[in-house]
Amino acid sequence: MPRNVVFETTGGPEVLAVRERDLPEPGPGELRLRVAAIGLNRAEALFRAGTYLEQPRLPASLGYEASGTVEAVGEGVTAFAPGDRVDTVPAFSQNAYGMYGTHVLVPARAAVAHPAGLTPAQGAAVWMPYLTAYGALAEDGHLRPGDHVLITAAASGVGLAAIRTARRLGAHPIATTRTRAKARYLLDAGAAEVLVTGEDDLLARVDAATSGRGVRTVFDPVAGPGVLTLARAVAPGGRVIVYGRLDTRDTPMPGQDTFAPVTSRFYSMHEVTRDDERLRRAHAFVTAGLADGSFTPVIDRVFEGLDTVAEAHRYLEAGTQVGKIVLTVGD
């Protein structure tokens with residue numbers, strides 16, 4: 001019997017429940033996917049808690065990333081056929097579609113061919129991190145070979161993807177982490193330097209690493225007042241890209257204390273996934289990186305079965321992982 005994860009009230013992981021459902025039939029432009037694995041993202045925890053960019057329409061499902069097999073296609077779908085292995089990318093509202101289930105509907109434009117050689121768990125772990133990093137660092141050509149980029153909270157799935165994306169572009173990634181225990185892992189992942197927040201003098205270390213030039217780009221999911229310090233590490237003409245809000249305090253305009261020539265912007269991976277041409281380029285970039293070994297999905301932990309979803313969300317919110325958390329789906 002098909003099952004999916006739902007919640008009837010916002011709150012902690014305990015509000016998530018697994019329910020049986022009828023087999024959904026795809027409408028025009030949709031696929032029905034038999035899910036093998038689900039990639040978990042902080043956006044889903046925020047959606048569940050009622051603190052995301054959009055409020056859930058209750059009762060609600062959730063989830064952006066899944067890997068599985070196409071079972072049926074709706075009217076007008078020509079790019080995929082039953083039996084195809086695909087992964088989903090975040091190109092829709094969680095109020096419209098949710099990937100936490102055994103059988104789910106997904107817009108055909110939000111599905112991509114599953115890369116050869118990847119397991120379903122890896123397919124569910126690769127797209128959100130690498131599409132986020134691609135759009136911010138590679139899409140507009142701002143980050144150039146030889147530049148330095150400061151990647152904060154770098155042990156996350158997106159942070160690790162950003163390190164590898166920067167390397168593939170010929171740039172030098174400087175990573176930050178809250179715990180020294182993760183420093184060796186980040187160096188092994190390709191970071192040129194690792195700074196431990198709260199222990200290292202960030203500005204002094206960046207100055208030394210860049211021979212006084214500063215970084216071309218800051219890629220930051222934290223936001224809050226700390227962006228003022230980050231902006232002081234940016235070279236003239238560089239920029240601060242904020243793609244998350246781990247610090248819920250107000251975020252000041254970077255450079256306002258020094259009037260440095262620094263630009264800043266908030267960035268969402270949806271800028272890529274909801275634009276067909278940009279998504280095509282991103283898919284080609286990531287697929288090429290997977291093929292030549294520049295990119296690899298990093299999985300911290302796999303939870304087995306939909307019934308472990310609340311436990312998986314508790315682990316997600318603990319923030320101790322290095323890489324992606326994946327939930328596999330049984331029959």
Side-chain angles (χ1 to χ4, degrees), residues 2-5 13 16 18 31-45 61-71 80 83-91 94 97-104 106 110-134 155-165 185 188-189 269 273 282-283 286-287 289-291 293-331:
R3 301 193 303 158
N4 71 329
V5 176
L16 298 174
V18 181
L31 310 174
R32 184 173 74 233
L33 187 65
R34 174 65 174 92
V35 175
I38 300 163
L40 272 59
N41 297 289
R42 186 165 294 276
E44 292 139 26
S61 186
L62 73 171
Y64 279 127
E65 290 185 285
S67 181
T69 304
V70 176
E71 283 193 334
F80 300 102
D84 288 347
R85 293 184 64 195
V86 301
D87 305 324
T88 67
V89 300
Q94 292 182 91
Y97 298 93
M99 298 299 106
Y100 284 24
T102 59
H103 303 75
V104 301
V106 61
V112 296
H114 179 77
L118 296 192
T119 66
Q122 291 173 319
V126 70
W127 295 108
M128 171 78 89
Y130 279 100
L131 293 180
T132 302
Y134 166 83
S156 68
V158 173
L160 292 169
I163 289 172
R164 291 188 169 97
T165 298
Y185 189 94
D188 291 343
M269 168 267 314
T273 61
H283 180 258
V286 175
T287 301
L290 291 169
S294 300
F295 300 158
T296 183
V298 180
I299 298 175
D300 178 272
R301 183 172 174 183
V302 176
F303 290 82
E304 298 183 359
L306 281 184
D307 293 321
T308 66
V309 64
E311 180 187 358
H313 266 236
R314 292 187 189 97
Y315 185 71
L316 172 68
E317 292 189 328
T320 59
Q321 73 272 16
V322 176
K324 194 81 165 183
I325 301 167
V326 174
L327 179 67
T328 58
V329 179
D331 293 329

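Side chains are part of it too, since the values below use all heavy atoms of this structure and drop only hydrogens, waters and symmetry mates.
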Which atom pair, heavy atoms only, marks the closest approach of Ala66 to Leu33? CB-CD2, 4.3 Å
Check whether any side-chain N or O of His114 sits under 3.5 Å from a backbone N or O of Leu118 as a donor-acceptor pair, and report yes or no. yes
Tell me the closest heavy-atom pair linking Ala113 and Asp87, and the distance in Å. O-OD2, 4.5 Å
Working to the nearest 0.5 Å, report the span between CG of Leu160 and CG of Asp188. 11.0 Å
May I ask you to test the Trp127-Pro115 pair for a side-chain heavy-atom distance under 4.5 Å? yes
All heavy atoms of Ser67 vs all of Gly123, minimum pair found to be CB-C, 4.1 Å
Are any of the side-chain heavy atoms of Gln94 and Ser61 separated by less than 4.5 Å? no
If every non-hydrogen atom of Ala36 is compared with every non-hydrogen atom of Pro120, which pair is closest and at what distance? CB-CB, 3.8 Å
May I ask you to decide if Tyr64's main-chain N or O and Thr88's side chain share a donor-acceptor pair within less than 3.5 Å? yes
To the nearest 0.5 angstrom, please state how far the OH atom of Tyr185 sits from the CG atom of Asp300. 8.0 Å
What heavy-atom pair brings Ala124 and Lys324 nearest, and what distance separates the two atoms? O-CE, 3.8 Å
Separation of Asn4 CG from Leu306 CG (nearest 0.5 Å): 8.5 Å
Between CG on residue Leu290 and CD on residue Gln122, distance to nearest 0.5 Å: 9.0 Å
Could you walk me through whether Leu131 and Thr273 pass the side chain to side chain contact (heavy atoms under 4.5 Å, CB included) test, one step at a time? CA-CA 8 Å; Leu131 293 180; Thr273 61; 3.8 Å; yes
Any side-chain heavy atom of Val86 sitting closer than 4.5 Å to one from Phe80? yes
Any side-chain heavy-atom pair of Val158 and Met269 under 4.5 Å: no
Are Leu40 and Tyr315 side-chain neighbours, meaning at least one heavy-atom pair lies under 4.5 Å? no
Distance from Glu304 atom CD to Thr308 atom OG1, nearest 0.5 Å? 8.0 Å
Do Met99 and Glu65 touch side chain to side chain, with heavy atoms closer than 4.5 Å? no
Please find the pair of heavy atoms, one from Leu316 and one from Ile325, that lie closest to each other, and give the distance. CA-CD1, 3.5 Å
Val18 and Asp307, any side-chain heavy atoms less than 4.5 Å apart: yes
Between CZ on residue Arg34 and NE2 on residue His103, distance to nearest 0.5 Å: 4.5 Å
Assess the residue pair Arg301 and Val326 against the criterion (side chain to side chain contact (heavy atoms under 4.5 Å, CB included)); give the C-alpha distance rounded to whole Å, side-chain angles, the decisive distance to 0.1 Å, and a yes or no. CA-CA 6 Å; Arg301 183 172 174 183; Val326 174; over 6 Å; no
Is the shortest heavy-atom distance from the side chain of Val309 to the side chain of Tyr100 under 4.5 Å? yes
Using 4.0 Å as the upper bound for N to carboxylate O, is an ion pair formed by Glu317 and Arg42? no
